[in-house]
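Notes follow once the structure below has been shown.
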Amino acid sequence: MATVLVVGLSTGAALARDDSAILKPLYDAAVAADERELVVYNPNTSANTPIFAAFSARFPKIKIVGVDLFGPKLTSRLEAEAASGQAAGDIIYTTPNEMPEYADRGFFASYQPETAAGIDEKYVGKNKMWFDWTLTVSGPFYNKSYVKPADAPKSWRELTDSKWDKQLSISTLQSASGTGQALTALTLAGKLDRAWFARLAANHPIVSQLNAQAIQAVASGQATIGLDVPYHFFKAAAKKGAPFEFIFPEEGVISIPLNEAILAKAPHPNAAKLFAAWLFSAEAQALLAEIGMQGTMPDAPRVAGAPQGLVFNVMDWRTLVSKFPAQLEMYKEVFSN
């Protein structure tokens, strides 16, 4: 039975798996087929640059082309490619909400990476048509130029304090989004409720259509705190000098699984299989921890920089698909004004 998962991370390092025997034949097959490009539909190519760069460094004859697609735009692209029979994309990774529908509509090719052997069943998609390779690590954040550490909120509850009136930046919750999906876990766990969201709305948040825009509003000083930034995005931005500080809330971070699936008519199927398999390799799972994400393999190391015993509020895809529609309706009612 699917449940909300509250995950405390261990401090163990990744096991010394050698995946070369699996990955090398896949790479050789892609090169032999002259598949020198791999098109990946994903939510944010910029944020995923370290992942794509590491893959191309390991497999230098294949270049990844990232295309930013999420939600309705991704659905429209997949529908158009299926109708025309002319596919441009090879692989997608996105949030779980749409994946069962995509699988049922025949958008995916069945492929089970050998490197994912031993993964927990909660990270395995319907009929094994997709696999969850990482968990996002997301939480509130603030602009250090305007908020002192002692004054910053320490919990999700404190974000609705009236002192943050007109100072909190959020992406819209009135349409399907990663933020809205992730917050569902906190609601089901009893850590947030409708009254909390009503107080959030009453604080006149600055609302953007995309989370990247909501993050930029904090960077520019238009807002002083933000509801949700992925930890890996925060780490990359901080390296470049962004005046951000990440908050690990007392109730734990919010998280959603990110998955991978190979598209049924992928023009570069061998390269797609290689990328899918590499995501579950020891190398890739260790990279995820380094950049601020949590791998899903049993031997994946703890996120670098995270506090000991960090709690993840995360749902498996079955729970999310069944519970999110009601959550989305609640968001629409609360934020309708």
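For reference, positions follow the sequence shown, starting with 1. Given the structure is predicted, the values throughout are model-derived calculations rather than measurements.
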Quick one: do Phe55 and Phe275 satisfy ring pair (Phe, Tyr, Trp, His ring centres under 6.0 Å)? Show the steps, please. CA-CA 8 Å; Phe55 174 83; Phe275 183 67; 5.2 Å; yes
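Put simply, the side chain of Lys166 never gets that close to the backbone of Trp164: no donor and acceptor are under 3.5 Å apart. The closest donor-acceptor contact from the side chain of Asp132 to the backbone of Thr134 lies at 3.5 Å or more, if one exists at all. Remark: the backbone N or O of Leu279 is paired with a side-chain donor or acceptor of Gln285 at under 3.5 angstrom. A donor-acceptor pair under 3.5 Å is absent between the side-chain atoms of Asn313 and the main chain of Ala189, judged by distance alone. For the pair Trp196 (side chain) and Trp156 (backbone), a donor-acceptor distance under 3.5 Å is present. With Ser281 contributing its side chain and Ala277 its backbone, the two residues share no donor-acceptor pair below 3.5 Å. Without hydrogens or angle criteria, Lys235 side chain to Glu290 main chain gives a donor-acceptor distance under 3.5 Å. The closest donor-acceptor contact from the side chain of Asn48 to the backbone of Ile51 lies at 3.5 Å or more, if one exists at all.
With sequence neighbours left out, the side chain to side chain contact (heavy atoms under 4.5 Å, CB included) criterion links Ala103 to Phe108, Met129, Trp130. With sequence neighbours excluded, no residue forms a salt bridge (Lys or Arg N to Asp or Glu O under 4.0 Å) with Lys144. A search for side chain to side chain contact (heavy atoms under 4.5 Å, CB included) contacts involving Ser138 returns Thr136, Asp228, Pro230, Ile254, not counting sequence neighbours. The salt bridge (Lys or Arg N to Asp or Glu O under 4.0 Å) check on Lys24 picks up Asp28, with sequence neighbours excluded. Annotation: salt bridge (Lys or Arg N to Asp or Glu O under 4.0 Å) contacts of Glu79 (sequence neighbours excluded): Arg105. For Glu333, the salt bridge (Lys or Arg N to Asp or Glu O under 4.0 Å) partners two or more places apart in sequence, or in a different chain, are Arg194. For Ala242, the side chain to side chain contact (heavy atoms under 4.5 Å, CB included) criterion is met by Ala237, Phe244, not counting sequence neighbours.
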Tabulate below the donor-acceptor pairs under 3.5 Å that side-chain atoms of residues 80-87 make, not counting sequence neighbours, or state none.
unit_1, atom_1, unit_2, atom_2, d
Glu81, OE1, Ala88, N, 3.4
Glu81, OE2, Tyr41, OH, 2.4
Glu81, OE2, Ala88, N, 3.3
Ser84, OG, Ala80, O, 3.1
Ser84, OG, Glu81, O, 3.3
Ser84, OG, Gln86, N, 3.1

Identify all side-chain donor-acceptor contacts of residues 265-273 below 3.5 Å with residues at least two apart in sequence or on another chain.
unit_1, atom_1, unit_2, atom_2, d
His268, ND1, Glu37, O, 3.2
His268, ND1, Asp90, OD1, 3.3
His268, ND1, Asp90, OD2, 2.8
Asn270, ND2, Glu35, OE2, 2.9

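Under a 4.5 Å side-chain heavy-atom cut-off, the cluster of Ile, Leu, Val, Met, Phe, Trp and Tyr residues that includes Leu210 has no other member.
A heavy-atom distance below 4.5 Å is found between the side chains of Val311 and Lys191. Side-chain contact between Val303 and Met293: absent, with no pair of heavy atoms (C-beta onward) separated by less than 4.5 Å. Proximity of Leu23 to Phe59: side-chain heavy atoms (C-beta onward) are separated by under 4.5 Å at one or more points.
A side-chain donor-acceptor contact under 3.5 Å links Thr319 and Asp316. For the residue pair Asn97 and Thr95, no side-chain donor N or O sits within less than 3.5 Å of a side-chain acceptor on the partner.
Separation of atoms CG (Asp151) and CD1 (Ile225) is listed at 11.5 Å; rounding is to 0.5 Å. Rounded to the nearest 0.5 angstrom, Met315 CE and Ser255 OG are separated by 9.5 Å. Note that CD of Glu245 is 11.0 Å distant from CG of Asn143, once rounded to the nearest 0.5 Å.
Applying the side chain to side chain donor-acceptor pair (under 3.5 Å) test to residues at least two apart or on different chains, the pairs with a partner in residues 201-211 are Asp165-His204. Residue pairs meeting the side chain to side chain donor-acceptor pair (under 3.5 Å) criterion with at least one partner in residues 215-227, sequence neighbours excluded, are Gln167-Thr224.
In this structure, Lys154 places its NZ atom where more than 12 heavy-atom neighbours from other residues, nucleotides or ligands lie under 6.0 Å away.
Under 4.0 Å is where a charged nitrogen must lie from a carboxylate oxygen, and between Asp104 and Lys126 at least one such pair does. Salt bridge absent: Lys163 and Asp161 never bring a charged side-chain N and a carboxylate O closer than 4.0 Å.
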